[in-house]
4 protein chains.
Amino acid sequence: MTNEGNRGRPRSQQARQAILDAAAALLLERALSEVSMDAVAQRAGVSKATIYRWWPTKEALALDALYAEWNTVRPFPRDTGSLRGDLLSLLRPWARLASSRPYGRVLAALLTTAQSDPVFATEYRQRFVEPRRDQARALFQRATERGEIPAGTKIDVALDLLYGPLYHRLLHGHAPLTDRFVRDVVDMALDGILPGPA
Amino acid sequence: MTNEGNRGRPRSQQARQAILDAAAALLLERALSEVSMDAVAQRAGVSKATIYRWWPTKEALALDALYAEWNTVRPFPRDTGSLRGDLLSLLRPWARLASSRPYGRVLAALLTTAQSDPVFATEYRQRFVEPRRDQARALFQRATERGEIPAGTKIDVALDLLYGPLYHRLLHGHAPLTDRFVRDVVDMALDGILPGPA
Amino acid sequence: MTNEGNRGRPRSQQARQAILDAAAALLLERALSEVSMDAVAQRAGVSKATIYRWWPTKEALALDALYAEWNTVRPFPRDTGSLRGDLLSLLRPWARLASSRPYGRVLAALLTTAQSDPVFATEYRQRFVEPRRDQARALFQRATERGEIPAGTKIDVALDLLYGPLYHRLLHGHAPLTDRFVRDVVDMALDGILPGPA
Amino acid sequence: MTNEGNRGRPRSQQARQAILDAAAALLLERALSEVSMDAVAQRAGVSKATIYRWWPTKEALALDALYAEWNTVRPFPRDTGSLRGDLLSLLRPWARLASSRPYGRVLAALLTTAQSDPVFATEYRQRFVEPRRDQARALFQRATERGEIPAGTKIDVALDLLYGPLYHRLLHGHAPLTDRFVRDVVDMALDGILPGPA
DNA sequence: GGTTAAACGAGACGGTACGTCCGGTCTTCCT
DNA sequence: AGGAAGACCGGACGTACCGTCTCGTTTAACC
């Protein structure tokens, strides 16, 4: 974007990191709307103008800050031999991370912004949604190759059927997002609510 | 709260309705954060103090305004004879309403507030979540009585398995919330992703 | 300007006075450019928005603040029987006041603004220049009636000849603005630099 | 100050002149406070750091820029044979120059700075005030030698009596600074407001 | 002719103030 | 007492400018 010919003073990586750290820390303390850019600047020991030079809005900054936080733990799903096992090894770490700290608060705020800002929405999905969906898609591909599920399975629906309930509990908070719940969701999604036609 | 002895001038129902209408109209135009109390007051032809006399915060007002909007259409689920049919007759109208206008924007904003305000969260769930869950719970009760599903079925998980994917698409917007999707979700939730043990 | 029907909460005279006092105090401490609106607001115990509601710019506020300060002492010229005496009784108090505190600093700043803002310039002259000139004009009128000076005397030039040197010393500071200087200016202006044609 | 041993790259005279030209041009366009150092740098095709290397403040730069502009016309007073003629030949070109362009705006701004910065004030007077006063003083010296004025004449007062009214009109703008006015001031200052004792 | 020292263009940076906006409260008069 | 009007405090917003800095580059004078 800026500084296109390597001319002039280079961007301070120290400032960049301090800003992201400060934003992340504050976002875990209180709601996004309660976090002021002045507070981030002060905590990072940085000028407000420096923040605005690189992030157009508070939400964009929050997106980056959360992304850095979120990706410290990167659960890579291993092949457990069955779709059920694969899904559990993918979703359980996600659920643990999501409920380990008030990430739901930030996530909700980002989703709110995404409702009114299509560009932001795309950015959000590319960073937070698609990678997980791609991983899960790979699991289903593997399951298809194994012959566990038929070829015509609507995978996109299945993805929503798995992630939807998790986000639902995270955001609505009507019940906790436990390992037990993850197992129940996987079981019920795989086997169905109705008893099998045996 | 106010006017406990029925003394003095009674509350203007006209003002109350004008405020709710103005708020609802503005909320369908733009994001909650872009709607100012001054704008609501002006549009309603009402003093800002009057709003604050009856609603503590902008979010509380938005909750009431959306509630009024949302409940203009009240889909009452009829008995179709099967759980599948009952669920479709409950969820399809909900999905149509939710995606008919930018309600997702307001909903996301309310959810965001709920993340940091437990009282508000309870209020929100009582008004928007529990009624639907209660209705759905009744359908499952009926299905149990019919013998469609076993007695030990984890209904709360099932509810999240059904509503979760709908909210997921509404809020994330990675794919549209169509009738087709509702049908797919109901089918897949009832029958399971894996093929039956036939 | 605002509040045209006497409706609504009336303007707080207490806030108004606190703002003027704070501005005046700060202007006597440091240069106008060093006085921030935030500082005035804080010192006055007032919101910045309240200042901007009633004064469009810092300079307009400074004008009012200085005017209040300046007019606490209102030297009224008495009839001394001679033009020389009248002028001394008018100009000496002015010079004393002008040099008693760092009013020159504020005056210079206001004059600077007046150079680029015709509306402000008019306002400035009406408040600070014209009243004095009117008073002096009256003295010359009296002198004409006495027969001290001929009827065709160019009074506007005479006014500049008297006030000009005083402002000159005040603003340039190449020499102090003393009583002695005022007397010298009056004498030399009345009698001329060249010796009389006696 | 810098480059004491003539070592290293010499100062770019081209940059120096471009900066002064840019500053002068901008100062004739708008008020000093509206002229930003960034704008000067951009217009001069120069780095901001280069400006600050040679001029400590914007005001110091403005002083130099105006000085260069002002001294393009250098009115040298010739001996006309009488004090009156000499003064006219000194003051008339000055008044014409001062009112020919918006120099009053810059002058006022410099005077404002001088009110709070004694070092700057001295610099300002040495460059803009003292040379003229010295020239005028020489005229009075000549007049004394001619016997036009008595030996005890207070020349410093006389200088203020002549320049004061001109600055007064220039800065206050209550009336134009015309040749006619210069003549009137000289006449009235030399002959006095009161009629001679003939 | 290679080294060195300073000046230079570019532009990021910390800091400060700007003028605006909005959330919530309060005051006055009117109904 | 309820309500309309609107002034008020507090505080965050995003912008603009100042004066400094850190780069890489250029330009002479010196060795």
Side-chain angles (χ1 to χ4, degrees), chain A residues 2-12 14-15 33-39 41-42 44-54 56-58, chain B residues 2-3 5-12 14-15 33-39 41 45-54 56-58, chain C residues 2-12 14-15 33-39 41-42 45-54 56-58, chain D residues 2-12 14-15 33-39 41-42 44-54 56-58:
Chain A
T2 324
N3 204 352
E4 298 190 30
N6 267 351
R7 296 192 303 186
R9 180 175 177 173
R11 176 174 184 186
S12 162
Q14 182 180 337
S33 64
E34 304 298 314
V35 175
S36 72
M37 292 301 249
D38 288 86
Q42 186 170 357
V46 141
S47 167
K48 217 173 17 159
T50 301
I51 304 182
Y52 279 107
R53 187 185 305 272
W54 302 107
T57 64
K58 186 161 65 173
Chain B
T2 323
N3 204 352
N6 267 350
R7 299 190 307 183
R9 178 175 173 177
R11 175 174 184 187
S12 161
Q14 181 182 337
S33 63
E34 304 297 315
V35 175
S36 74
M37 291 301 251
D38 288 84
V46 141
S47 165
K48 218 173 18 157
T50 301
I51 303 182
Y52 278 106
R53 189 185 305 272
W54 304 106
T57 64
K58 185 163 67 171
Chain C
T2 324
N3 205 350
E4 298 196 24
N6 266 353
R7 297 191 303 185
R9 179 176 177 174
R11 175 174 185 186
S12 163
Q14 182 181 336
S33 63
E34 305 297 315
V35 175
S36 73
M37 292 301 249
D38 288 84
Q42 186 170 356
V46 141
S47 168
K48 217 172 18 158
T50 302
I51 303 182
Y52 279 107
R53 186 184 305 272
W54 303 108
T57 63
K58 186 161 66 173
Chain D
T2 324
N3 205 350
E4 300 198 19
N6 264 353
R7 299 193 306 184
R9 177 176 176 176
R11 176 174 185 185
S12 161
Q14 182 181 339
S33 64
E34 305 297 315
V35 175
S36 74
M37 291 301 250
D38 288 84
Q42 187 170 357
V46 142
S47 168
K48 219 175 15 158
T50 300
I51 304 182
Y52 278 107
R53 189 184 305 273
W54 304 107
T57 64
K58 185 162 67 172

5'-most contact on DNA chain E: A:Ala15 or B:Glu34, nearest heavy atom basis?
-> A:Ala15
Only one of D:Gln42, D:Met37, D:Arg53 clears side chain to side chain contact (heavy atoms under 4.5 Å, CB included) with D:Lys48; which?
-> D:Met37
Under 3.5 Å, N/O pairs linking protein and nucleotides 23-26 of chain F:
unit_1, atom_1, unit_2, atom_2, d
F:dT26, O2, D:Arg9, NH1, 2.9

Identify, between C:Pro56 and A:Ala44, the residue whose nearest nucleotide on DNA chain E lies closer to the 5' end.
-> A:Ala44
Spatial distance of atom CD1 (C:Ile51) from atom CG (C:Asp38) [nearest 0.5 Å] | 8.5 Å
Integer-rounded Å distance: E:dA17 P and C:Tyr52 OH | 12 Å
Here the distance between atom P of F:dA29 and atom CZ of D:Arg11, to the nearest Å, is 17 Å
Please tabulate, one pair per line, each protein N/O and nucleotide N/O from nucleotides 10-12 of chain F that are separated by under 3.5 Å, including the distance.
unit_1, atom_1, unit_2, atom_2, d
F:dG10, N7, C:Ser47, OG, 2.8

Between atom CD1 in B:Ile51 and atom C1' in F:dA5, what is the gap in whole Å?
-> 13 Å
D:Gln14 CD to F:dA28 C1': how many Å, rounded?
-> 16 Å
Just to confirm, is there a sub-4.0 Å distance from OP1 or OP2 of E:dA7 to any side-chain nitrogen or oxygen of D:Trp54?
-> no
Divergence of helical axes at both termini of the helix from E:dG1-F:dC31 to E:dT31-F:dA1 - five pairs an end, 10° steps | 10°
Which residues satisfy the side chain to side chain contact (heavy atoms under 4.5 Å, CB included) test with D:Glu34, sequence neighbours excluded?
-> D:Arg30, D:Ala31
Residue set satisfying side chain to side chain contact (heavy atoms under 4.5 Å, CB included) with A:Thr50, at least two apart, ordered chain then number -> A:Ile19, A:Val46, A:Ser47, A:Trp54
Per nearest nucleotide of DNA chain F, the residue lying toward the 5' end, B:Thr50 or C:Thr50, is B:Thr50
Does B:Lys58 have any salt bridge (Lys or Arg N to Asp or Glu O under 4.0 Å) partners at least two apart in sequence or in another chain, and if so, which?
-> none
